[in-house]
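What follows is a single structure, written as structure tokens, with notes after it.
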Amino acid sequence: MNSSLKGMTACVTGAARGIGAAIAKRLAAEGANVAVCDLKEEWCAETVAGLEALGVKAKAYGVNVAVSSEVDACVKAVIADFGSIDIMVNNAGITKDGLLMRMSDDDWDAVLNVNLKGTFLFTRAVSRPMMKNKAPDGTQKGGVIINIASVVGIMGNAGQANYTASKGGVIALTKTTAKELGSRNIRCNAVAPGFIQSKMTDVLPEDVKKAYMDTIPLKRFGTADDIAAAVAWLASPDASYVTGQIVSVNGGMIG
Ligand code: NAI
């Protein structure tokens with residue numbers, strides 16, 4: 001095990017499966033204890049068992065990231081259980097695709113509420129406790145917030161008005177958070193994944209997948225581990241002078 005994050009507590013949303021589970025596992029492999037958050041506590045059991053096998057402390061929390069009271073209660077519970085939140089990863093996300101002229105209000109609201117409002121709610125909830133984080137010598141320890149955006153939040157994508165707007169919003173929120181909290185030693189960055197193999201993308205038709213592949217210079221889809229590696233770097237002291245940045249992990253799809 002690497003130990004660059006030893007003694008830190010990470011809180012990862014949407015960590016029951018997919019990219020969130022890979023992020024939780026990678027942060028644990030770097031030595032972090034991990035609060036594993038998803039809609040239902042019981043969905044997190046497999047992730048938690050995997051982290052415990054790596055020798056760190058891990059616990060599951062059921063929380064809907066789009067509901068303010070649930071987010072506030074979750075952050076309180078994690079801090080009560082672990083002592084602090086040093087690394088916050090806003091990963092939970094959903095899609096409800098459709099052409100914008102036919103998109104329902106409900107599909108717009110659902111995606112914006114989870115992807116963008118959820119990121120805001122967790123960022124707001126952890127900001128004050130992170131400001132109070134102190135190193136053993138009494139100096140400001142701060143924290144790290146990492147948001148999972150998307151390549152389509154930068155370039156747009158037909159059929160994803162709600163999703164692209166939510167991820168573009170996450171990118172702007174990331175930059176604002178970095179500006180507001182930088183003086184308290186809280187860094188905030190986003191990772192913008194390209195096409196990542198997962199349950200979310202497995203359901204796309206083959207012709208759509210081929211069209212994506214044609215735009216990727218590295219000629220492979222990304223893996224959840226590719227995203228987790230970027231998150232681990234941003235969380236680590238190696239990135240201590242990096243904030244307000246959008247790290248693209250997309251095989252060269254766009255610069
Ligand atoms: P996934 O669908 O496999 O996992 C998402 C997780 O978030 C699930 O465990 C789900 O239960 C949880 N979740 C959904 N709504 C929630 C809510 N309201 N409260 C708490 N948890 C909730 O998706 P995947 O692929 O692992 O995506 C993770 C993140 O990466 C998302 O933000 C997604 O937008 C982003 N992303 C994914 C890409 C891909 O190609 N798979 C590409 C670019 C970004």
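Since the model is a prediction, treat every value here as computed from it, not as a measurement. Both counts, for ligands and for their atoms, begin at 1 and track the order of listing.
- Using modelled atom types and a 3.5 Å distance limit, the side chains of Thr139 and Asp137 yield a donor-acceptor pair.
- The proximity of Ala149 to ligand 1, defined as any non-hydrogen pair under 4.0 Å, is limited to the backbone.
- Looking only at heavy atoms of the protein, atom 19 (N) of ligand 1 is closest to Val65 N, 3.0 Å.
- Of all protein heavy atoms, the one closest to atom 25 (O) of ligand 1 is Ser198 OG, 3.0 Å.
- Protein heavy atom at the shortest distance from atom 15 (N) of ligand 1 is Ile94 CG2, 3.6 Å.
- In this structure, Lys141 places its NZ atom where more than 12 heavy-atom neighbours from other residues, nucleotides or ligands lie under 6.0 Å away.
- At under 3.5 Å, not a single nitrogen or oxygen of Ala15, backbone or side chain, sits near a nitrogen or oxygen of ligand 1.
- For atom 2 (O) of ligand 1, the closest non-hydrogen atom of the protein is Arg17 NH2, 2.6 Å.
- The 12-atom threshold is exceeded at NZ of Lys134, counting heavy atoms of other residues, nucleotides or ligands nearer than 6.0 Å.
- At a threshold of 4.5 Å between side-chain heavy atoms, the hydrophobic network of Ile, Leu, Val, Met, Phe, Trp and Tyr places Leu116 and Val67 in two separate groups.
- Heavy atoms of Gly194 come nearer than 4.0 angstrom to ligand 1 in at least one pair.
- Distances between N or O atoms of Ser150 and those of ligand 1 include no value under 3.5 Å.
- What sits closest to atom 16 (C) of ligand 1 on the protein, heavy atoms only, is Leu39 CG, 3.7 Å.
- Note on Val48 and Leu39: separate hydrophobic clusters, where clusters join Ile, Leu, Val, Met, Phe, Trp and Tyr whose side-chain heavy atoms are under 4.5 Å apart, directly or indirectly.
- Residue Ala16 places no N or O, backbone or side chain, under 3.5 Å from any N or O of ligand 1.
- Looking at ligand 1, you won't find any N or O of Gly18 less than 3.5 Å from one of its N or O atoms.
- In summary, Glu206 and Lys210 do not engage in a salt bridge, as defined by a charged side-chain N under 4.0 Å from a carboxylate O.
- In this structure, the protein non-hydrogen atom closest to atom 33 (C) of ligand 1 is Tyr163 OH, 3.4 Å.
- Annotation: cation-pi geometry not satisfied between Lys209 and Phe221 (NZ/CZ under 6.0 angstrom from ring centroid, within 45° of ring axis).
- Given atom 27 (O) of ligand 1, the protein heavy atom at minimum distance is Ile19 CD1, 3.9 Å.
- There is a side-chain donor-acceptor pair under 3.5 Å between Asp226 and Thr223.
- Considering backbone and side-chain atoms together, Trp43 places no N or O closer than 3.5 Å to any N or O of ligand 1.
- With respect to atom 9 (O) of ligand 1, the closest heavy atom belonging to the protein is Asp38 OD2, 2.6 Å.
- The two residues Asn147 and Cys188 have their closest heavy-atom pair at ND2-SG, 3.7 Å.
- Proximity of Lys167 to ligand 1, defined as any heavy-atom pair under 4.0 Å, is confined to the side chain (atoms from C-beta onward).
- Ala149 and Ile171 get closest at one heavy-atom pair: CB-CG1, 3.8 Å.
- A salt bridge is defined here as a Lys NZ or Arg NE, NH1 or NH2 lying under 4.0 Å from an Asp or Glu carboxylate O, and Asp225 with Arg26 fails to meet this definition.
- For a threshold of 3.5 Å applied to N or O pairs, the pair formed by Asn115 and ligand 1 contains no separation below that value.
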